[in-house]
2 protein chains.
Amino acid sequence: MPNEARPGTGEQAKQLALAKLRQAILQGEMAPAQRLVENELAEQFGVTRASVRAALIDLASEGLVERIPNRGSRVRVVTVEEAVAITECRMVLEGLCAAKAAVEASEEQLERLTGLGEAMSKAVADGEPVTYSELNRELHDRILEFSGQQVAVGLLDRLNAQLVKHRFRLALRPGRPQQSLSQHLAIIEAISARDPQAAEAAARAHLVSVIDALRD
Amino acid sequence: MPNEARPGTGEQAKQLALAKLRQAILQGEMAPAQRLVENELAEQFGVTRASVRAALIDLASEGLVERIPNRGSRVRVVTVEEAVAITECRMVLEGLCAAKAAVEASEEQLERLTGLGEAMSKAVADGEPVTYSELNRELHDRILEFSGQQVAVGLLDRLNAQLVKHRFRLALRPGRPQQSLSQHLAIIEAISARDPQAAEAAARAHLVSVIDALRD
DNA sequence: GTGAACAAAATTGTTGACAATCCTGTTGCT
DNA sequence: AGCAACAGGATTGTCAACAATTTTGTTCAC
């Protein structure tokens with residue numbers, strides 16, 4: 001479904017508009033709750049209004065923008081409350097994926113996870129939060145991939161797209177990497193031990209801590 | 001997001017097309033994997049092609065139809081494998097909602113649940129599978145409502161829409177009501193006891209049994 | 001001065017036509 | 001006969017203009 005379209009290559013007009021709009025929203029170039037006027041966007045991106053319209057419909061169903069009939073589109077603002085609800089859903093879905101990964105992953109894939117764990121430990125020890133953040137994301141992605149649960153992966157993609165803002169704030173928090181590192185290592189250990197219940201519990205424990213942090 | 005638009009009232013053209021198309025697909029009027037030609041649908045529903053197009057984009061992101069660029073739209077066929085994956089996601093999400101309902105529901109709402117439980121018991125005793133099926137759906141809906149977890153509810157709506165076919169097959173199965181009744185009663189009991197962990201476990205146990213049944 | 005009715009501007013929703021793309025059946029060459 | 005190239009038809013993607021709706025600013029009565 002989300003076809004991971006690269007903005008660079010010459011796509012179709014609608015796909016291009018969709019990619020550009022999504023990028024603009026995700027990178028925060030659009031102010032929260034900013035009005036998205038179809039004509040302006042069409043001119044800005046060099047496509048026609050129909051293409052912008054189609055892209056907006058797509059983004060609305062992804063939860064990135066809000067469309068009110070005859071009233072236009074706005075970039076959707078995710079309140080802290082909603083962010084917590086979203087993260088609760090992430091909690092159970094990633095728990096499911098961790099459990100399945102513990103059963104389904106190959107030996108090579110397990111090695112990959114332990115390798116990621118070591119790299120994360122090193123990043124924290126060296127005090128490189130940016131690297132750690134990237135590895136963090138990589139770890140989560142790999143667990144989803146190895147679980148083979150494509151439906152859950154699709155749902156999580158959608159949920160994560162709505163959280164970019166809050167996720168950003170969270171990563172910059174001092175002391176947070178140290179806190180989450182042990183949780184991540186616990187997840188890796190449980191999956192490597194082929195223990196689905198422990199893996200699910202560890203993944204959920206991690207996201208419970210994220211929820212607590214979200215609440216400030 | 002899905003605004004629960006009633007087909008009857010005079011909506012906007014796109015909303016009307018969307019409602020009619022969704023209804024047609026859900027009621028099985030469209031054969032599986034049938035091609036959905038925009039022109040035909042437009043004429044059939046008495047709206048313009050642009051409206052049909054917008055509706056198709058919406059339905060594609062709901063997972064009801066499949067859209068291939070320059071190749072058109074088909075009603076999406078859900079394999080048994082996918083149905084299992086979807087139900088696994090339902091399992092953890094409904095588990096989450098059951099747990100939250102055990103904490104958040106009011107006393108009146110708890111009474112409503114126990115009332116539903118009694119009605120379901122009666123329906124099984126009287127041998128009325130249709131009534132039981134309706135009450136079943138009602139129970140699930142109420143648990144979601146009482147949980148207050150709107151994000152999970154949205155995700156579950158989307159997932160359930162993809163399962164209509166399989167769900168149908170399941171309900172007509174002889175002996176299945178008796179089997180699931182005790183599971184449902186266990187869920188109600190756990191929520192009424194304000195025990196979130198037990199509620200989640202009961203909800204998950206129920207859906208594990210659904211998964212087993214799905215696999216034939 | 002305040003509030004309601006009204007008119008003008010801005011924006012979205014809709015329409016029909018045009019262009020690009022893809023599938024199918026046929027033709028021509030080896 | 002087998003296969004590549006090619007037209008023909010069908011379908012989707014795109015466009016610019018038009019209609020309907022909402023919002024905003026103004027005027028007028030009280």
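The figures here come from the full heavy-atom set of this structure, side chains too, leaving out hydrogens, waters and symmetry mates. First the proteins, then the strands, lettered A, B, ... as listed; each starts at 1.
Within residues 47-55 of chain A, the residues having any heavy atom under 4.0 Å from DNA chain C are, by residue number, A:Arg49, A:Arg53. Shown for residues 37-46 of chain B: residues whose heavy atoms fall under 4.0 angstrom of DNA chain D, namely B:Val37, B:Glu38.
With a 4.5 Å cut-off on side-chain heavy atoms, A:Thr79 and A:Glu82 count as touching. The shortest distance between side-chain heavy atoms of B:Gln149 and A:Cys89 falls below 4.5 Å.
Remark: side-chain polar atoms of B:Glu128 are not paired, donor with acceptor, to backbone N or O of B:Thr131 under 3.5 angstrom. No side-chain donor-acceptor contact under 3.5 Å links B:Ser51 to the backbone of B:Val47.
Close to C:dT11, at under 4.0 Å from its OP1 or OP2, lies no side-chain N or O of A:Arg74.
Using a 3.5 Å distance cut-off with no hydrogens or angles, the side chains of A:Gln162 and A:Arg76 do pair a donor with an acceptor.
Enclosure of atom CZ in A:Arg137 is not indicated, since only 12 or fewer non-hydrogen atoms of other residues, nucleotides or ligands lie within 6.0 angstrom.
In terms of the ring pair (Phe, Tyr, Trp, His ring centres under 6.0 Å) criterion, residue partners of A:His140 (sequence neighbours excluded) are, by chain and number, A:His184, A:His206. With sequence neighbours left out, the side-chain contact (heavy atoms from CB on, under 4.5 Å) criterion links B:Arg167 to B:Arg90, B:Asn160.
What separates CG of A:Leu36 from C1' of C:dG13 is a distance of 17 Å, to the nearest Å. B:Arg67 has its CZ atom 15 Å from the P atom of D:dT11, to the nearest Å. B:Leu18 places its CG atom 12 Å from the P atom of C:dT14, with the value rounded to the nearest Å. For the pair B:Ile68 CD1 and D:dT12 C1', the computed distance is 12 Å after rounding to whole Å.
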Distances under 3.5 Å between protein N/O atoms and the N/O atoms of nucleotides 22-25 of chain D, please, pair by pair.
unit_1: D:dT23; atom_1: OP1; unit_2: A:Arg71; atom_2: NE; d: 2.6
unit_1: D:dT23; atom_1: OP1; unit_2: A:Arg71; atom_2: NH1; d: 2.9

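Between A:Glu138 and A:Arg112 there is a salt bridge, since at least one side-chain N of the basic residue sits less than 4.0 Å from a carboxylate O of the acidic one.
Contacts of A:Leu56 with the nucleic acid, taken as non-hydrogen atoms under 4.0 Å apart, are absent.
When each of B:Glu38, B:Glu40, B:Glu43 is checked for a side-chain hydrogen bond (donor to acceptor under 3.5 Å, both in side chains) with B:Arg49, only B:Glu38 meets the rule.
Sequence neighbours left out, the pairs with a member in residues 143-153 of chain B that pass salt bridge (charged side-chain N to carboxylate O under 4.0 Å, His left out) are B:Arg142-B:Glu145.
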